[in-house]
Protein chains: 2
Amino acid sequence: MPAAIDLPHPDRDDITLEGVLFALSDSERLAIARELRVGPLDAVNCVPWDPSMPKSTKSHLMKVLREGGVIRSVPNGRNRTLSLRRDDLDARFPGLLDAILDADH
Amino acid sequence: MPAAIDLPHPDRDDITLEGVLFALSDSERLAIARELRVGPLDAVNCVPWDPSMPKSTKSHLMKVLREGGVIRSVPNGRNRTLSLRRDDLDARFPGLLDAILDADH
DNA sequence: CCGTGAGTTCAACTATTGTCGAACTGTGCC
DNA sequence: GGCACAGTTCGACAATAGTTGAACTCACGG
C-alpha cells in the first residue's frame with residue numbers, strides 16, 4: 001500500500017476519551033502531537049528525533065494517533081500531511097488537548 | 001500483605017504526563033477516578049459496578065492509578081481510603097484533570 | 001485470642017502492544 | 001516507461017499489560 005492511499009479516520013463522534021488518552025500516553029506519539037501543534041506537517045519533515053527508526057515503526061505510530069482520532073493523515077503527493085484534529089477534539093473534549101500539550105515536559 | 005500497609009506513591013514532581021494519561025486510558029480506571037471526584041471514598045464502597053470482580057484485579061486497578069500518581073491510597077482500618085491527587089495534578093498539569101473528568105462519556 | 005474481612009503479593013497465564021524486515025504500491029521526476 | 005521515494009501492510013517475534021486463584025497480613029469484633 002502506497003503513501004497516497006486514503007486511510008480511515010474515526011468520525012468526530014466516534015472518538016473516545018480513552019482512545020485519545022491512550023494514543024497520547026506514549027512519549028513518541030506525544031512528541032508527534034506536540035510537533036503538529038504549530039500546524040500541519042508532512043510526515044517526512046516530522047519525527048526528526050529519530051532518523052534511524054524503521055518506516056514501519058513510524059507508520060505504526062501514525063496509525064495509533066490516527067485511529068485514536070488525534071491526527072488526520074492525508075495523502076499529499078508521495079508524502080502524507082499530518083495535522084492535529086484540533087476542531088474535533090476541542091468540540092468533543094473541551095480543553096483537553098491544550099491541557100495535554102501545554103503540560104510540563 | 002495486608003490492607004493496612006503504606007504503599008509507595010510517586011512524589012508530585014515524579015508524576016509524568018504519560019503515566020497519568022495511561023492510567024486514565026482505561027474505562028474502569030477512568031470510572032474510579034470519576035467516582036472519586038466528589039471526594040475520598042473507601043475502596044469497599046467504590047467500584048460498585050462490578051461486584052464479581054476478583055479482589056486481585058481491583059487491587060491491580062488501584063495500583064496502576066496509584067503508581068501513575070492519579071490517586072492516593074491510604075490505610076484506614078481494614079479498608080483503604082482512595083482520593084484523587086487533585087492538588088498535585090492541578091499543580092503539575094493545570095486543567096488536565098478537569099478536562100478529562102468533565103469529558104463527555 | 002480467634003475468626004472474618006479487606007487488600008496486597010506472587011506466579012502463571014492470556015491478551016494486547018510494540019518492533020522491524022520484507023514485499024508492495026501510488027507519485028513525481030527524468 | 002523506468003526508477004527512486006514515502007508509507008502501508010503483513011507476519012513473526014519481543015515486550016508489556018491485564019486476569020485470576022492462592023497464600024498471606026493486618027485490623028476489627030466477638
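This is a predicted model, so every value here is computed, not measured. First the proteins, then the strands, lettered A, B, ... as listed; each starts at 1.
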Participant: Whole angstroms only, please: what is the CG-P distance between A/D6 and C/dT27?
Facilitator: 10 Å
Participant: Between B/V70, B/N76, B/N45, B/I71, which is the residue that forms a side chain to side chain contact (heavy atoms under 4.5 Å, CB included) with B/L82?
Facilitator: B/I71
Participant: Please enumerate all protein N or O atoms sitting under 3.5 Å from an N or O of nucleotides 18-22 of chain D, with distances to 0.1 Å.
Facilitator:
unit_1	atom_1	unit_2	atom_2	d
D/dG18	OP1	B/R29	NH1	2.9
D/dG18	OP1	B/R29	NH2	3.3
D/dT20	OP2	B/T57	OG1	3.4
D/dG21	N7	B/S56	OG	3.2
D/dG21	O6	B/S56	OG	3.3

Participant: Starting from the 5' end of DNA chain C, give me the residue, A/N76 or B/M62, whose nearest nucleotide shows up first.
Facilitator: B/M62
Participant: Output yes when at least one side-chain N/O atom of A/R80 is less than 4.0 Å from OP1 or OP2 of D/dT8, else no.
Facilitator: yes
Participant: Check B/G69 against B/R85 and note the closest heavy-atom contact, atom names and distance.
Facilitator: O-CD, 3.3 Å
Participant: Roughly, in whole Å, what's the span from CZ in B/R78 to P in D/dG29?
Facilitator: 6 Å
Participant: Answer yes when A/D50 and A/K58 have at least one side-chain N-carboxylate O distance shorter than 4.0 Å, and no when they do not.
Facilitator: no
Participant: NZ of B/K63 versus P of C/dT8: gap in Å, rounded?
Facilitator: 10 Å
Participant: Separation of B/E18 atom CD from D/dA17 atom C1', in whole Å?
Facilitator: 17 Å
Participant: Using only side-chain N and O atoms of B/S59, determine if any of them is under 4.0 Å from OP1 or OP2 of C/dT8.
Facilitator: yes
Participant: Find the distance A/L65:CG to D/dT8:P and express it as a whole number of Å.
Facilitator: 12 Å
Participant: Got a donor-acceptor contact below 3.5 angstrom from the B/R12 side chain to the B/L89 backbone?
Facilitator: no
Participant: Roughly, in whole Å, what's the span from CG in A/D42 to P in D/dG7?
Facilitator: 8 Å
Participant: Could you state the CG-P distance from A/N45 to D/dA6, rounded to the nearest angstrom?
Facilitator: 10 Å
Participant: Using a strict 4.0 Å threshold on nitrogen-to-oxygen distance, state whether B/R92 and B/D14 make a salt bridge.
Facilitator: no
Participant: Round to the nearest Å and state the distance from A/E67 atom CD to C/dG18 atom P.
Facilitator: 11 Å
Participant: Say whether A/S25 and B/E18, considering side chains only, have a donor N or O and an acceptor N or O under 3.5 Å apart.
Facilitator: no
Participant: Hey, are A/R66 and A/S73 close enough side-chain-wise for a donor-acceptor pair under 3.5 Å?
Facilitator: no
